[in-house]
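The model shown is predicted, which means the values in this text are computed figures rather than measured ones. Below, each value reflects all heavy atoms present in this structure, side chains not excepted, and no hydrogens, waters or symmetry copies. Residue numbering restarts at 1 for every chain, and letters A, B, ... go by the order of the sequence lines.
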There are 2 protein chains.
Amino acid sequence: MSKTKPTPGLRERPLLSPIQAGGLAAVFKVLANDTRLRLLHALVRAGELCVSDLAATLAMKPQAVSNQLQRLLDLGILACRRDGNNMHYQVVDCCVKGLLEQGWCLMESADGRGGCSPRFGDCE
Amino acid sequence: MSKTKPTPGLRERPLLSPIQAGGLAAVFKVLANDTRLRLLHALVRAGELCVSDLAATLAMKPQAVSNQLQRLLDLGILACRRDGNNMHYQVVDCCVKGLLEQGWCLMESADGRGGCSPRFGDCE
DNA sequence: ACACGATTACACAATATAGTGTAATCGTGT
DNA sequence: ACACGATTACACTATATTGTGTAATCGTGT
């Protein structure tokens, strides 16, 4: 399994240094919030949405939405484009969708125990 | 039962409800911490380790390590086995490794911008 | 220039989180 | 039974995070 590249070898890598771990934690931290998750999912589904649409979709105030959007923007997960008064956001990071999928899997396996379909990882 | 499509269709799924999003956020929350990340990585590398080994590896106190281990245990990510006075922990969730890999990818792309290798996701 | 709507910036209050210190629990060996 | 080491439980403190409220900024249309 470690001949081809599909597994970059998490197991072979040297132990995470506290700094690396901090960086990795920062990535997960940005996903560790239901608002940002719903924002991300709404954007994945719609492709592109503006702040007010997002606010309406999530039934939240534009300020709160914008705040979280900035967070996602800082990490390079989103990109935005201005159209008149509106700012349209979209997901540009290619890893985030997979992350969401896998997270979903983990959630189901954590919740119902065994909801993880085998193709996601090599359950040894 | 779910021998269906290779892509669960993040895009086709109905919008995340606040409850679902909360559950998913809980999953990411558990990974949103450098200590737990280092714990996980150490366990993936070694296969199985006991609390004191882990504490020594991370240069942390056993109590702190144990606390985080419980968290990982609650989510069903780890399993433990007693061997005399020692408790050995190991990763049993099949999704978590993939999650770590993808998170690493996202970290690199967020950090250096463009470090995400294309094989991870279908950058469309 | 001006008003208006959309978005963002920022300080603030409420809540959650992590590691520490102390004490309890569990298994082993004598 | 007893002492010891390993692990865990729990209260506590410092810190971080979220949504709110207010105000500033930006683009459009008149």
Check your understanding: Does anything in residues 37-58 of chain A reach DNA chain C, meaning a heavy atom under 4.0 Å, and if so which residues?
Key -> A:Cys50, A:Val51, A:Ser52

Revision key, fill the gap. Scanning both residues in full, the closest heavy-atom pair of A:Met107 with B:Gln20 reads SD-O, 3.7 Å

Practice item. Provide the full list of side-chain hydrogen bond (donor to acceptor under 3.5 Å, both in side chains) pairs with a residue in residues 38-52 of chain B, sequence neighbours left out, each pair given once. Key: B:Glu48-B:Arg81

Revision key, fill the gap. Sorted by chain and residue number, the side-chain contact (heavy atoms from CB on, under 4.5 Å) partners of B:Asn85 (sequence neighbours excluded) come out as none

Practice item. Can you sort out the partners of A:Ala32 under side-chain contact (heavy atoms from CB on, under 4.5 Å), two or more places apart, ordered by chain and number? Key: B:Phe28, B:Lys29, B:Ala32

Exercise for review: Using whole Å, report how far CG of A:Leu73 lies from P of C:dT8.
Suggested key: 8 Å

**Study point:** Spacing between B:Asn86 atom CG and D:dT8 atom P, to the nearest angstrom
**Key:** 10 Å

Practice item. Start with the C-alpha gap between B:Leu78 and B:Val91, add the side-chain angles, then the distance that decides, and say whether side chain to side chain contact (heavy atoms under 4.5 Å, CB included) holds. Key: CA-CA 4 Å; B:Leu78 300 184; B:Val91 178; 3.7 Å; yes

Exercise for review: Name all stems that contain residues of DNA chain C, defined as runs of 3 or more consecutive Watson-Crick or G-U wobble pairs, both distances under 3.5 Å.
Suggested key: C:1-30 with D:1-30

Study note, to complete from the structure: In this structure, CD1 of A:Ile77 is separated from CG of A:Leu31 (nearest 0.5 Å) by 5.5 Å

Study note, to complete from the structure: Nucleotide by nucleotide, nucleotides 14-22 of chain C touches protein heavy atoms under 4.0 Å in the pattern (B base, S sugar-phosphate only, - none) ---SSSBBB

Exercise for review: Using whole Å, report how far CG of A:Leu31 lies from P of D:dT18.
Suggested key: 12 Å

Practice item. Not counting sequence neighbours, list each pair that qualifies as a side-chain hydrogen bond (donor to acceptor under 3.5 Å, both in side chains) and has a residue in residues 61-72 of chain A. Key: A:Arg36-A:Gln68, A:Gln70-A:Tyr89

Review point. Of the nucleotides D:dA6, C:dT8, D:dA9, which one has an atom closest to the side chain of B:Gln70?
Key: D:dA9

Practice item. Taking only the side-chain nitrogens and oxygens of B:Tyr89, find out if one of them lies under 4.0 Å from OP1 or OP2 of D:dA6. Key: no

Practice item. Decide yes or no on side chain to side chain contact (heavy atoms under 4.5 Å, CB included) for B:Asp83 and B:Cys50, but give the supporting numbers first. Key: CA-CA 9 Å; B:Asp83 172 37; B:Cys50 69; over 6 Å; no

Exercise for review: Show the numbers, then the answer: is there a side chain to side chain contact (heavy atoms under 4.5 Å, CB included) between B:Leu43 and B:Leu54?
Suggested key: CA-CA 8 Å; B:Leu43 286 171; B:Leu54 251 3; 4.1 Å; yes

Please produce a list of atom pairs where a protein N or O lies less than 3.5 Å from an N or O of nucleotides 27-30 of chain C.
| unit_1 | atom_1 | unit_2 | atom_2 | d |
| --- | --- | --- | --- | --- |
| C:dG27 | N3 | B:Asn85 | OD1 | 3.1 |

**Study point:** Shortest non-hydrogen separation from A:Val44 to B:Arg11 and the atoms involved
**Key:** O-NE, 3.3 Å

Review point. Just how far is it from atom CG of B:Asp93 to atom CG of A:Leu106, taken to the nearest 0.5 Å?
Key: 4.5 Å

Exercise for review: State, yes or no, whether a side-chain contact exists between A:Asp34 and B:Leu16 at a heavy-atom distance under 4.5 Å.
Suggested key: no

Review point. Tell me: NE2 of A:His88 to P of C:dT8, nearest whole Å?
Key: 11 Å

Practice item. Name all residues meeting the side-chain contact (heavy atoms from CB on, under 4.5 Å) criterion together with A:Arg82; count only those two or more places apart in sequence or in a different chain, and write none if there are none. Key: A:Met87

